[in-house]
Amino acid sequence: MSALLIAGSPSERSRSAALLDAVARRLTVRGALVDRILIRDLSPQALVLADFGHPTVVRATNQVADASVLVVATPVYKAAYSGVLKVFLDLLPQTALKGKVVLPLATGGSPHHMLALDYALRPVLQSLGAKSILPGIYATDSQVTLTPEGACDIHADIAARLDDAVNVLVTETLRPSPAQAARFAPVNFADVRCSV
């Protein structure tokens, strides 16, 4: 089983990246092969000028094609997902997500922007042909705190929702073989600390 984590934050350290790290740990423990795209590391010129042939764009597009599951994380700016994520999604082929399952994650300053997942990001993911889109997970700044030392704390409510989402990905979406299923027993990460 393969999962691609897409970090849609323009910042090197971000709360949305911390959520992705938490999902990555959960998937890895459950036996998934995890790959990443940090959109901020792709060529900015290639993204803005829609250079489909640029090596970083080609590689990222191939990563999307090879994955069976995508986890897309973004900060919310102006009641929508980030601009860097937007330009990346615009470069993907129209059916890039066909047959894929997507878990959207977002972070924002207050609960008021929670609907950005449903009203801004979900329609774009659907238009790219996603087979299914799991219920998104939105966390406020107070639910994912970053420390100066590079660690983060994820509130227990968000950690539990991440546990549930990964359990759905592994047990229902990725459908492991019976031999793998024994390895994929639900894992509780309530007290996990992460580094960003």
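Computed over heavy atoms, backbone and side chain alike; hydrogens, waters and symmetry mates excluded.
- A donor-acceptor contact shorter than 3.5 Å is absent between the side chain of E12 and the backbone of R40.
- With hydrogens and angles ignored, the 3.5 Å screen pairs no side-chain donor or acceptor of T140 with any backbone N or O of S110.
- The hydrophobic cluster containing Y77 does not contain V84, counting ILVMFWY residues as joined when their side-chain heavy atoms lie under 4.5 angstrom apart, directly or transitively.
- The closest donor-acceptor contact from the side chain of T74 to the backbone of S82 lies under 3.5 Å.
- The heavy-atom pair separating A22 from I154 by the smallest distance is CB-CD1, 3.6 Å.
- Proximity of T56 to R59: side-chain heavy atoms (C-beta onward) are nowhere separated by under 4.5 Å.
- Y81 has its side chain within reach of V124: a pair of non-hydrogen atoms, C-beta onward, lies under 4.5 Å apart.
- Proximity of a side-chain donor or acceptor of K100 to a complementary backbone N or O of A67 within less than 3.5 Å is detected.
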(Q) Pair D66, D35 - check side-chain contact (heavy atoms from CB on, under 4.5 Å), show working. (A) CA-CA 10 Å; D66 292 342; D35 198 4; over 6 Å; no
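- Side-chain contact check for V76 versus Y138: some heavy-atom pair is nearer than 4.5 Å.
- Clustering ILVMFWY residues whenever any of their side-chain heavy atoms sit less than 4.5 angstrom apart, transitively, puts I39 in a cluster other than the one holding L20.
- Considering all non-hydrogen atoms of both residues, A165 and L134 come closest at O-CD1, 4.2 Å.
- Without hydrogens or angle criteria, K131 side chain to V102 main chain gives no donor-acceptor distance under 3.5 Å.
- Annotation: side chain of R15 is in contact with side chain of D141 (closest heavy-atom distance under 4.5 Å).
- By the 4.5 Å heavy-atom criterion applied to side chains, H155 and V144 are not counted as neighbours.
- For D90 and K86, the salt-bridge test passes: some basic side-chain N is under 4.0 Å from an acidic carboxylate O.
- Within the 4.5 Å cutoff, no side-chain heavy atoms of V168 are placed close to those of V101.
- Atom CG in L70 sits 5.5 Å away from atom CG in L4 (nearest 0.5 Å).
- Nearest approach of P93 to L128, heavy atoms of both residues: O-CD2, 3.5 Å.
- Remark: the backbone N or O of K98 is not paired with any side-chain donor or acceptor of T95 at under 3.5 angstrom.
- Across all their heavy atoms, D163 and R26 have their closest contact at OD1-NE, 2.7 Å.
- Annotation: the span from R122 atom CZ to L125 atom CG amounts to 8.0 Å, rounded to 0.5 Å.
- Cluster membership check: L27 shares its hydrophobic cluster with I137, using side-chain heavy-atom separations under 4.5 Å among Ile, Leu, Val, Met, Phe, Trp and Tyr.
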Q: Would you check, one step at a time, whether the test side-chain contact (heavy atoms from CB on, under 4.5 Å) holds for S127 with Q94?
A: CA-CA 7 Å; S127 75; Q94 189 60 47; 4.2 Å; yes
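- Residue I6 comes nearest to F88 through the heavy atom pair CD1-CE2, 4.2 Å, listed as atom of the first residue, atom of the second, then distance.
- Under a hydrophobic-cluster definition in which Ile, Leu, Val, Met, Phe, Trp and Tyr are linked whenever side-chain heavy atoms come within less than 4.5 Å, directly or via other members, V58 and L47 are assigned to different clusters.
- Of all heavy-atom pairs between A46 and V57, the closest is CB-CG2, 3.9 Å.
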Q: Decide yes or no on side-chain contact (heavy atoms from CB on, under 4.5 Å) for V34 and L5, but give the supporting numbers first.
A: CA-CA 7 Å; V34 177; L5 310 182; 3.6 Å; yes
Q: Check step by step if side chain to side chain donor-acceptor pair (under 3.5 Å) holds for T147 and E149.
A: CA-CA 5 Å; T147 68; E149 299 80 31; 3.3 Å; yes
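- V23 has its side chain within reach of V166: a pair of non-hydrogen atoms, C-beta onward, lies under 4.5 Å apart.
- A salt bridge links R36 with D21: at least one charged nitrogen is closer than 4.0 Å to a carboxylate oxygen.
- Atom CG of residue L97 and atom OG of residue S132 lie 11.0 Å apart, to the nearest 0.5 angstrom.
- In this structure the side chain of L121 reaches within 4.5 angstrom of the side chain of L85, judged on heavy atoms.
- Of the possible polar contacts, one joining the S2 side chain to the S68 backbone as a donor-acceptor pair under 3.5 Å is found.
- Here CG of L105 is found 5.5 Å from CG of L19. Values are rounded to the nearest 0.5 Å.
- Of the inter-residue distances, the one linking L33 atom CG with T28 atom OG1 reads 8.5 Å to the nearest 0.5 angstrom.
- Rounded to the nearest 0.5 Å, atoms CG (L162) and CG (N167) are 11.0 Å apart.
- Following chains of ILVMFWY side-chain contacts shorter than 4.5 Å, one cannot reach L92 starting from V48, and the two form parts of different hydrophobic clusters.
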